[in-house]
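Input: a single structure, listed below in structure tokens.
As the structure is a prediction and not an experimental result, all values here were calculated from the model.
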Amino acid sequence: MPSLPVVQPRDFPTNRGGLCQKGWTSAAVLGTSDRIVTPLVRGASGDLEPTSWDVALDLVASRLGAIAAEHGPEAVAVFGGGGLTNEKAYALGKFARTVLRTPNIDYNGRFCMASAAAGMNRSFGVDRGLPFPLADLGGAQAVLLLGSNVAETMPPAVQHLAGARAAGGLVVVDPRRSATARLAEDPGSGQPAEGVHLAPVPGTDLAVLLGLLHVVLAEGLADRAYLEERTTGFDDVARSVAAWWPERVESVSGVPAADLRRVARLLAAAAPVHGGSGAYVLTGRGVEQSTQGTATVTASINLALALGLPGRIGSGYGAITGQGNGQGGREHGQKADQLPGYRKIDDPAAREHVAAVWGVDPETLPGPGLPAVQLLNSLGARSDEASRKGGPVRPRALLVHGSNLVVSAPNASNVIDRLKSLDLLVVCDFVPSETALLADVVLPVTQWAEEEGTMTSLEGRVIRRRAAVAAPGEARSELWILAELARRLGAPESLAFSTDPAVVFDELARASAGGPADYSGLSHARLDADEASSGPGLFWPVPAIPSAGSGTQVATADPLQHPGTPRLFLDRFATPDGRARMVAVDHVGPSDDVRPGAPFYLVTGRVLQHYQSGAQTHRVAELERLVAEPYVELHPVLGFRIGVPDGARVRLTSSRGRVEATARWTDAVRPDTVFMPFHWSGIGSVNQVTTDATDPISGMPEFKVCAVDVSVVEPDTSVVEPVETRTGLDKLDQRGPLAQRGPIQKELST
């Protein structure tokens with residue numbers, strides 16, 4: 001293994017030199033003892049065995065070709081990740097649609113930002129998580145934060161809330177008294193002012209937002225001039241919220257009517273129309289991962305618009321992105337319905353433009369595919385009956401990049417069954433994740449410090465990633481893997497798949513030109529030059545400026561170039577008429593509500609020390625020591641009532657499965673609710689019980705709330721996981737049910 005780099009803080013506008021524990025320890029993952037450094041193929045023994053790149057790639061290409069030839073291109077699917085660089089995300093989408101010619105590509109951002117994207121596109125005409133620099137929050141008098149525990153998920157961002165905290169204007173909506181909710185109770189620095197923590201019944205955040213807007217309108221606090229000049233649809237929204245007076249909201253959500261009125265007045269006082277210094281409404285996964293997630297985002301935007309916040313410096317609405325490249329990962333072709341630059345795949349003009357960049361006939365590009373949950377549920381040859389009757393073709397092969405579906409997908413037991421039923425599962429990863437352990441072929445790839453490329457921050461700032469160390473063993477970039485597979489699958493030379501990230505970015509820039517997320521005025525060279533000169537950073541859209549009289553586009557460091565767009569909507573929204581669309585929505589409630597047999601709400605979330613499925617952070621000894629096992633938080637009143645002592649082994653059961661973990665008594669959670677983090681696999685994998693019901697608009701699953709029963713596990717009935725949960729490559733397949741796949745049928749001589 002190469003020597004590990006030293007992690008040092010950087011004085012960057014978003015974090016100002018701050019790092020969380022995951023950041024400080026991130027280099028440790030580069031040297032993990034079970035790093036995958038050679039391709040692996042499942043052999044006749046059923047074990048994953050080392051092989052050469054030629055053998056592995058020839059095998060993958062042969063099997064993909066055979067499956068597509070027998071069942072059609074739709075029988076091959078691709079699942080990407082929000083941690084891939086922009087270049088890799090772009091190349092993956094291009095590969096799926098031009099080489100595989102399959103519509104079936106989606107990514108784990110569907111689990112993360114889909115509802116925010118759908119809501120912002122519907123209301124504003126474009127989706128950029130924060131349409132303003134993150135640092136703008138520092139000047140706000142009030143910030144309404146719904147469903148986001150930033151104090152644990154991205155601690156360096158907390159410093160930007162200092163102004164609102166000091167003014168008593170931080171409002172946190174969360175059924176738990178999370179670390180972020182406690183910030184609203186304690187403004188810090190000895191300040192006497194306090195914010196507000198609203199703790200609604202899980203799944204009722206939308207009702208709270210409707211109640212807040214009701215108060216704003218009923219008390220004459222709206223910015224009527226702004227509404228008249230910059231929005232459409234206000235009358236319908238005003239009529240819809242008339243039914244949500246504070247006392248009714250209290251009966252549904254448990255939030256006191258007096259607190260609703262207090263928060264509405266606090267936000268209005270901070271709005272520019274009333275002489276305030278600015279207010280923001282921000283949403284996170286806690287309210288977006290819901291079957292009414294898009295509606296909740298829409299209600300948040302409606303509230304912000306009523307107060308005249310979006311499109312004004314120092315105020316606005318934004319969604320807090322969850323993954324490292326959650327913004328860029330959804331802009332350039334990984335989503336089932338999108339082409340690069342945020343173009344819609346069913347838009348003829350968009351298809352023609354991108355096809356011209358790729359050098360293909362637009363008629364050969366597939367149409368929209370299935371969003372993530374539906375795609376996963378469709379995997380495998382469960383029955384050919386649908387195909388025989390002319391129904392849709394089920395994907396029989398899946399390529400996975402940058403995602404650990406076994407742990408991160410909802411209703412995970414079903415997902416495991418679907419993955420096992422595939423004819424071919426290929427996983428690109430750098431550690432033996434739970435999904436990699438199910439694969440027929442595992443391809444070792446580079447990770448963050450070993451590759452060049454770009455990422456896009458939650459605020460739309462395009463950032464360079466640079467290689468700090470060489471990749472170990474035979475690990476390769478996905479750019480190289482896709483190029484090699486394209487060649488083996490017979491792609492013409494004109495359909496270029498470069499392995500140079502700078503060249504791929506230039507192509508991405510051309511493909512995005514004229515789209516909502518326009519990168520055409522950017523290049524690696526320009527980003528490097530801006531950084532070297534301590535420039536302001538470059539936020540999309542950054543369109544290229546045609547050189548005089550030539551009609552060509554340039555992307556070189558030039559004072560005449562477009563400076564980027566740190567703040568959107570200052571003059572107009574990205575809609576045909578330039579106005580924001582207000583859309584009436586209504587509260588329905590969670591799809592899996594409490595009932596006899598499942599009388600308690602389960603909410604899920606993160607902890608400070610771990611990230612996503614834990615495939616990386618569980619391999620960092622320092623982080624693992626701090627939080628070594630999953631746990632369930634429950635209120636002491638609930639624990640006493642149902643006979644679950646503090647520290648006992650507890651079982652959560654839903655209609656989809658069960659999980660077990662250690663009980664922790666805390667008054668930070670509602671007495672009708674339990675909380676469990678989602679960073680573990682096996683019997684402690686909370687997504688074994690979460691629902692895969694999805695938002696009808698965004699396709700996002702309802703991770704954040706479902707109904708469960710809670711019971712104590714007697715010692716003689718508890719399930720004990722193997723001690724060695726992280727093993728070397730020599731024990732890759734020694735993990736019980738995750739290893740139960742037969743040998744792949746090799747069609748090539750080795």
Checklist entry - Taking all non-hydrogen atoms of both residues, which atom of V99 and which atom of L495 are closest, and how far apart? => result CG2-CD2, 3.9 Å
Checklist entry - Would you say the side-chain atoms of S421 pair up with the backbone N or O of R418, donor to acceptor, closer than 3.5 Å? => result yes
Checklist entry - Can you find a side-chain donor-acceptor pair between N411 and N687 that sits under 3.5 Å? => result no
Checklist entry - Quick check: does any side chain N or O of Q334 sit under 3.5 Å from a backbone N or O of G81, one acting as donor and the other as acceptor? => result yes
Checklist entry - Are F703 and F111 close enough, and set up right, to give a ring pair (Phe, Tyr, Trp, His ring centres under 6.0 Å), and what steps lead you there? => result CA-CA 8 Å; F703 280 114; F111 301 158; 5.5 Å; yes
Checklist entry - Will you find, in the side chains of T446 and E451, an N or O donor that is under 3.5 Å from an N or O acceptor? => result yes
Next on the checklist: Closer than 4.0 angstrom, basic N to acidic O: yes or no for E450 and R35?
Outcome noted: yes
Item to check | Test side chain to side chain donor-acceptor pair (under 3.5 Å) applied to N108 and S408, step by step | outcome: CA-CA 8 Å; N108 63 13; S408 63; 5.7 Å; no
Checklist entry - Is it the case that T85 and N325 place a side-chain donor and acceptor less than 3.5 Å from each other? => result no
Checklist entry - Is there a side-chain contact between V542 and R526 (heavy atoms, below 4.5 Å)? => result yes
Checklist entry - Would a distance-only check, ignoring hydrogens and angles, find a side-chain to backbone donor-acceptor pair under 3.5 Å from D500 to A502? => result yes
Checklist entry - Any idea which heavy atoms bring A397 and I67 closest together, and the distance? => result CB-CD1, 3.7 Å
Item to check | R488/D58 ion pair, N-O < 4.0 Å | outcome: yes
Checklist entry - Quick one: do the S433 and D429 side chains pair a donor with an acceptor below 3.5 Å? => result yes
Next on the checklist: Is it the case that the side chains of Q612 and R606 hold a donor-acceptor pair, with the cut-off being a distance below 3.5 Å and no angle test?
Outcome noted: yes
Checklist entry - Do N404 and E434 have side-chain atoms, one donor and one acceptor, less than 3.5 Å apart? => result yes
Checklist entry - Minimum heavy-atom separation for P50 to T38, with atom names? => result CB-CG2, 3.7 Å
Checklist entry - Under 4.0 Å between a Lys/Arg side-chain N and an Asp/Glu carboxylate O for R465 and E452? => result no
Item to check | Heavy-atom pair of closest approach, residues N86 and G329 | outcome: OD1-N, 4.2 Å
Next on the checklist: To the closest 0.5 Å, what do you measure between CG (N377) and CG (D417)?
Outcome noted: 11.0 Å
Checklist entry - Does A56 offer a backbone N or O that forms a donor-acceptor pair with the side chain of T51 under 3.5 Å? => result no
Next on the checklist: Testing the basics here: between M676 and P630, what is the closest heavy-atom pair and its distance to 0.1 Å?
Outcome noted: CE-CB, 4.0 Å
Checklist entry - Using the ring of each side chain (for Trp, its six-membered ring), is W480 parallel, tilted or perpendicular to W53, with breaks at 30° and 60°? => result perpendicular
Next on the checklist: Using side chain to side chain donor-acceptor pair (under 3.5 Å), reason through E459 and T14 one step at a time and then give a plain yes or no.
Outcome noted: CA-CA 9 Å; E459 51 189 358; T14 53; 4.9 Å; no
Checklist outcome for this item: When rounded to the nearest 0.5 Å, the distance separating CG of L57 from CZ of R487 is 8.5 Å
Checklist entry - Do Q609 and L626 have side-chain heavy atoms sitting under 4.5 Å apart? => result yes
Item to check | Side-chain H-bond candidate by donor/acceptor type, R330 with Y342, under 3.5 Å | outcome: yes
Checklist entry - If you measure from CG on L19 to NZ on K22, what distance do you get to the nearest 0.5 Å? => result 11.0 Å
Checklist entry - Below 4.0 angstrom, N of the basic side chain to O of the carboxylate: do E507 and K94 qualify? => result yes
Next on the checklist: Please find the pair of heavy atoms, one from I36 and one from P432, that lie closest to each other, and give the distance.
Outcome noted: CD1-N, 3.6 Å
Checklist entry - Between R476 and P444, is any pair of side-chain heavy atoms under 4.5 Å apart? => result no
Checklist entry - If you round to the nearest 0.5 Å, how far is CZ of F79 from CG of L376? => result 5.0 Å
Checklist outcome for this item: Output for pair (T102 OG1, L399 CG), nearest 0.5 Å, gives 9.5 Å
Item to check | Min side-chain heavy-atom separation V400-V426 under 4.5 Å | outcome: no
Checklist entry - Does L100 reach the side chain of L489, with side-chain heavy atoms less than 4.5 Å apart? => result yes
Checklist entry - Do the charged groups of E531 and R10 touch, with an N to O distance under 4.0 Å? => result yes
Item to check | Q688 and S413: side chain donor to acceptor below 3.5 Å | outcome: yes
Checklist entry - Counting only N and O atoms by type, is there a donor-acceptor contact under 3.5 Å from the side chain of S26 to the main-chain atoms of G23? => result yes
Next on the checklist: Pair H401, L84 - check side chain to side chain contact (heavy atoms under 4.5 Å, CB included), show working.
Outcome noted: CA-CA 8 Å; H401 298 257; L84 301 180; 4.2 Å; yes
Checklist entry - OG of S512 to CG of L339: how many Å apart, nearest 0.5 Å? => result 12.0 Å
Item to check | Stepwise side chain to side chain contact (heavy atoms under 4.5 Å, CB included) check, L424 with L398 | outcome: CA-CA 6 Å; L424 178 69; L398 179 68; over 6 Å; no
Next on the checklist: With side chain to side chain donor-acceptor pair (under 3.5 Å) as the criterion, how do W540 and E331 come out once you've worked through the C-alpha distance, each side chain's angles and the decisive distance to 0.1 Å?
Outcome noted: CA-CA 11 Å; W540 68 258; E331 294 170 358; 2.6 Å; yes
Checklist entry - Where does the angle between the aromatic ring planes of F497 and F95 fall among parallel (under 30°), tilted (30 to 60°) and perpendicular (over 60°)? => result perpendicular
Next on the checklist: Can you tell me how the ring of Y519 sits relative to the ring of H332, calling it parallel under 30°, perpendicular over 60° and tilted otherwise?
Outcome noted: perpendicular
Checklist entry - Hey, are R464 and D528 close enough for a salt bridge, meaning a charged N less than 4.0 Å from a carboxylate O? => result yes
Item to check | Pair E152, N149: side-chain N/O donor-acceptor within cut-off below 3.5 Å | outcome: yes
Next on the checklist: For D34 and T32: C-alpha separation, side-chain torsions, deciding distance, then whether side chain to side chain donor-acceptor pair (under 3.5 Å) applies.
Outcome noted: CA-CA 6 Å; D34 59 351; T32 183; 2.9 Å; yes
Item to check | Residue from L425, L48, V427 passing side chain to side chain contact (heavy atoms under 4.5 Å, CB included) with D440 | outcome: L425
Checklist entry - Run the side chain to side chain contact (heavy atoms under 4.5 Å, CB included) check on L370 and N104 step by step: do they pass? => result CA-CA 6 Å; L370 297 171; N104 289 322; 4.1 Å; yes
Checklist entry - So D506 and R510, side chain to side chain contact (heavy atoms under 4.5 Å, CB included) or not? Walk me through it. => result CA-CA 6 Å; D506 289 344; R510 294 193 302 274; 4.1 Å; yes
Checklist entry - Below 4.5 Å, heavy atoms only, C-beta onward: do V415 and V406 meet side chain to side chain? => result no
Next on the checklist: Within the structure provided, determine whether L4 and V469 are in side-chain contact (heavy-atom separation under 4.5 Å).
Outcome noted: no
Checklist entry - Crowded around R101 CZ? As in, over 12 foreign heavy atoms under 6.0 Å? => result no
Checklist entry - Which word best sums up how the rings of H679 and H610 line up, parallel for under 30°, tilted for 30 to 60°, or perpendicular for over 60°? => result tilted
Checklist entry - Given side chains that start at C-beta, do those of E87 and H524 come closer than 4.5 Å, heavy atoms only? => result yes
Item to check | Pair R619, Q616: side-chain N/O donor-acceptor within cut-off below 3.5 Å | outcome: no
